[in-house]
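For reference, the structure discussed in these notes is given below.
Quantities reported herein were computed from a predicted structural model and do not represent experimental measurements. As a basis for the values below, the full set of heavy atoms in this structure was taken, side chains included, without hydrogen atoms, waters or symmetry mates.
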Amino acid sequence: MDAADIVASVLVVGIIVVSLLSNVVVLICFLYNPEIRKQVPGLFILNLTFCNLLLSVSNMPLTLVGLITTGHPGGSGFCQIVGFLDTFLTTNSMLSMAALSIDRWVAVVFPLSYHSRIRHRDAVIALGYTWIHSLCFSTVATCRSWVGYHHLYASCTLCNVRAKGAGTQFLIFTVALHSLTFLLTLIVLCVTYLKVLKVARFHCKRIDVITMQTLVLLVDIHPSVRQKCLDEQKRRRQRATRKISTFIGTFVVCFTPYVLTRIVELLSPGPISPHWGVLSKCLAYSKAASDPFVYSLLRHQYRKTCSLLANKILKRSPLNSSSLRMENNVEKINNFNTTNNIQLSANKPLGQ
């Protein structure tokens with residue numbers, strides 16, 4: 001092993017540990033908090049967590065073994081199974097992110113009719129499509145024996161070396177796979193989240209107008225209080241932009257290098273550095289470690305559940321369902337008031 005392989009091995013170990021711990025925490029929060037289970041986005045997050053956990057215990061350890069031994073980890077049949085999981089889980093997780101973005105778009109654009117537009121039955125149908133979509137591509141690749149150990153990525157995955165004699169078919173399959181997973185998800189993320197950002201900025205503008213009108217009327221207000229109100233307006237606008245940038249940015253940073261390397265590998269006659277191949281694969285793996293924080297653990301409901309669970313483990317205070325229900329009811333009231341304020345501000349002309 002050279003220095004680059006050692007660094008890559010340490011990186012993979014770190015990704016495995018963070019991914020396992022964070023996704024397990026999300027799963028515990030989902031199982032413990034009944035309010036999270038009742039919410040439609042919880043189904044998409046559960047599916048995403050399942051894919052990330054399975055990826056962390058199946059594909060990532062074999063990549064680590066491939067880096068340490070610099071050779072084929074396991075038999076050919078076992079590697080084909082892991083390669084099937086690599087294609088299936090990566091595709092499924094991408095489509096789950098697209099489903100989550102659509103759910104958030106409906107919730108922000110149609111807040112009062114959200115529950116009638118997005119129901120659990122609709123979420124189950126969407127998840128059914130993600131599974132069928134993922135199974136189709138992974139099954140075709142496995143049946144055509146296009147999965148195996150790829151030295152460029154030190155992983156059991158799609159392998160163009162095994163597609164000799166069917167180079168054109170493998171090229172068409174690879175382009176179709178990444179177009180209907182990565183590119184499709186990226187388009188959905190950009191369209192939905194940018195629309196969400198547009199609506200959020202519109203509501204922030206409404207609130208800012210009301211705030212400025214109030215500040216004008218309160219002539220005796222202290223300058224420091226006025227400045228705090230103005231600073232809060234700025235933070236509100238930055239918060240919305242930062243969240244949208246995180247959703248889209250993490251997806252692009254983690255998956256784009258790997259997908260582009262896949263395409264260049266097929267079209268370019270020259271060799272690609274194995275160090276770059278492993279790095280691009282590690283970036284794709286890192287999405288499984290970042291997803292729990294991007295979609296779950298930084299939200300108030302999950303943070304509150306984690307806090308209550310920590311208190312129970314440390315025996316600081318008793319944790320029971322009544323306290324959890326009380327916290328959820330308070331959050332429901334706050335969300336209801338926020339929704340009403342947004343709706344009222346949206347219906348109110350700017351001049352009033």
Side-chain angles (χ1 to χ4, degrees), residues 1-2 4-20 23 51-94 134-135 137-164 170-171 173-175 177-178 181-182 251 253-266 268 271-291:
M1 291 179 64
D2 56 14
D5 290 335
I6 295 175
V7 173
S9 299
V10 173
L11 180 60
V12 172
V13 170
I15 293 173
I16 291 174
V17 172
V18 174
S19 179
L20 284 175
N23 282 285
C51 294
N52 291 338
L53 280 174
L54 198 52
L55 194 69
S56 302
V57 299
S58 61
N59 297 76
M60 294 185 193
L62 257 70
T63 299
L64 179 62
V65 173
L67 287 171
I68 295 175
T69 62
T70 63
H72 194 295
S76 177
F78 178 70
C79 197
Q80 282 196 340
I81 295 175
V82 176
F84 170 88
L85 290 175
D86 180 74
T87 305
F88 172 78
L89 296 174
T90 304
T91 303
N92 201 337
S93 62
M94 287 186 185
S134 306
L135 281 172
F137 280 103
S138 53
T139 302
V140 169
T142 305
C143 292
R144 297 300 302 269
S145 297
W146 288 344
V147 292
Y149 182 74
H150 202 313
H151 290 275
L152 178 60
Y153 308 101
S155 306
C156 294
T157 181
L158 287 175
C159 187
N160 59 336
V161 177
R162 299 179 61 89
K164 289 183 177 180
F170 184 78
L171 174 62
F173 173 83
T174 304
V175 172
L177 170 64
H178 294 305
T181 53
F182 170 78
F251 181 86
V253 170
C254 292
F255 285 122
T256 301
Y258 179 69
V259 173
L260 290 181
T261 304
R262 279 291 190 179
I263 302 300
V264 172
E265 176 193 2
L266 298 177
S268 175
I272 299 176
S273 170
H275 298 319
W276 170 253
V278 172
L279 177 61
S280 65
K281 190 66 176 178
C282 289
L283 284 174
Y285 284 155
S286 67
K287 193 68 171 74
S290 63
D291 281 341

Using a 3.5 Å distance criterion without hydrogens, assess whether the side chain of [X] forms a donor-acceptor pair with backbone atoms of [Y].
{"X": "Thr91", "Y": "Ser134", "result": "no"}
{"X": "Asp291", "Y": "Asn52", "result": "no"}
{"X": "Asn23", "Y": "Ala288", "result": "yes"}
{"X": "Arg262", "Y": "Pro257", "result": "no"}
{"X": "Ser9", "Y": "Val7", "result": "no"}

Do [X] and [Y] have side-chain heavy atoms sitting under 4.5 Å apart?
{"X": "Lys287", "Y": "Thr90", "answer": "no"}
{"X": "Leu20", "Y": "Val57", "answer": "yes"}
{"X": "Tyr153", "Y": "Glu265", "answer": "yes"}
{"X": "Ile16", "Y": "Tyr285", "answer": "no"}
{"X": "Met60", "Y": "Ile15", "answer": "yes"}

How far does [atom1] of [X] sit from [atom2] of [Y], to the nearest 0.5 angstrom?
{"X": "Leu64", "Y": "Leu11", "atom1": "CG", "atom2": "CG", "value": "10.5 Å"}
{"X": "Ile6", "Y": "Leu67", "atom1": "CD1", "atom2": "CG", "value": "11.0 Å"}
{"X": "Cys159", "Y": "His150", "atom1": "SG", "atom2": "NE2", "value": "4.5 Å"}
{"X": "Leu85", "Y": "Asn59", "atom1": "CG", "atom2": "CG", "value": "6.0 Å"}

Please give me the minimum heavy-atom distance between [X] and [Y], naming the atom from each residue.
{"X": "Leu89", "Y": "Ser58", "value": "CD1-OG, 4.3 Å"}
{"X": "Asp86", "Y": "Lys281", "value": "OD1-NZ, 2.9 Å"}
{"X": "Ser273", "Y": "Leu152", "value": "O-CD1, 3.5 Å"}
{"X": "Ala154", "Y": "Val278", "value": "CB-CG2, 4.2 Å"}
{"X": "Ile272", "Y": "Thr261", "value": "CD1-O, 3.9 Å"}
{"X": "Ala289", "Y": "Val18", "value": "CB-CG1, 3.9 Å"}

Which residues pass the ring pair (Phe, Tyr, Trp, His ring centres under 6.0 Å) test with [X], not counting sequence neighbours?
{"X": "Phe137", "value": "His133, Phe173"}
{"X": "Phe251", "value": "Phe182, Phe255"}
{"X": "Phe88", "value": "Trp131"}
{"X": "His151", "value": "Tyr149"}

Please determine whether side-chain contact (heavy atoms from CB on, under 4.5 Å) holds for the pair Thr157 and Val147, giving the CA-CA distance in whole Å, both sets of side-chain angles, and the decisive distance to 0.1 Å. CA-CA 5 Å; Thr157 181; Val147 292; over 6 Å; no
Please enumerate all residues that pass disulfide (SG to SG under 2.5 Å) together with Cys79, with sequence neighbours excluded.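 Cys79: disulfide (SG to SG under 2.5 Å) contacts with Cys156.
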In sequence, state the C-alpha distance, the side-chain angles, and the governing distance for Thr139 and Phe84, and then conclude on side-chain contact (heavy atoms from CB on, under 4.5 Å). CA-CA 7 Å; Thr139 302; Phe84 170 88; 3.8 Å; yes
Asp5 and His275: side-chain contact (heavy atoms from CB on, under 4.5 Å), yes or no, with the steps? CA-CA 8 Å; Asp5 290 335; His275 298 319; 4.1 Å; yes
Sorted by chain and number, sequence neighbours left out, side-chain hydrogen bond (donor to acceptor under 3.5 Å, both in side chains) with Ser56 holds for Ser19
Any chance you could lay out the side-chain contact (heavy atoms from CB on, under 4.5 Å) test for Tyr258 and Leu283, step after step, and finish with the verdict? CA-CA 8 Å; Tyr258 179 69; Leu283 284 174; over 6 Å; no
